[in-house]
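Accompanying notes for the structure given below.
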Amino acid sequence: MRGALGEKLPEHLVLSRVVFPDSVPRAVAGSADRAALVRLSREAGPRHPSPR
């Protein structure tokens, strides 16, 4: 997927990681728990190096 996106987008817009959770974590109010999504992303594994 990075290759296909890299052909059409500038390098800084290409995603460094894509995570497909089984379900979206929810907050008490029922909205998406963004902090939990960040934790899922970090636990998913290494990122591709950011362009310098």
Quiz item: Stepwise, does the side chain to side chain contact (heavy atoms under 4.5 Å, CB included) test hold for V38 with R34?
Solution: CA-CA 6 Å; V38 170; R34 293 181 183 186; 5.6 Å; no
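Shown here are the side chain to side chain contact (heavy atoms under 4.5 Å, CB included) partners of A4, two or more places apart in sequence or in another chain: there are none.
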N/O donor-acceptor pairs under 3.5 Å from side chains in residues 21-31, not counting sequence neighbours:
{"from": "R26", "atom 1": "NH1", "to": "G30", "atom 2": "O", "distance (Å)": "3.2"}

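Counting all heavy atoms, side chain and backbone alike, L37 lies closest to A32 at CD1-CB, 4.4 Å.
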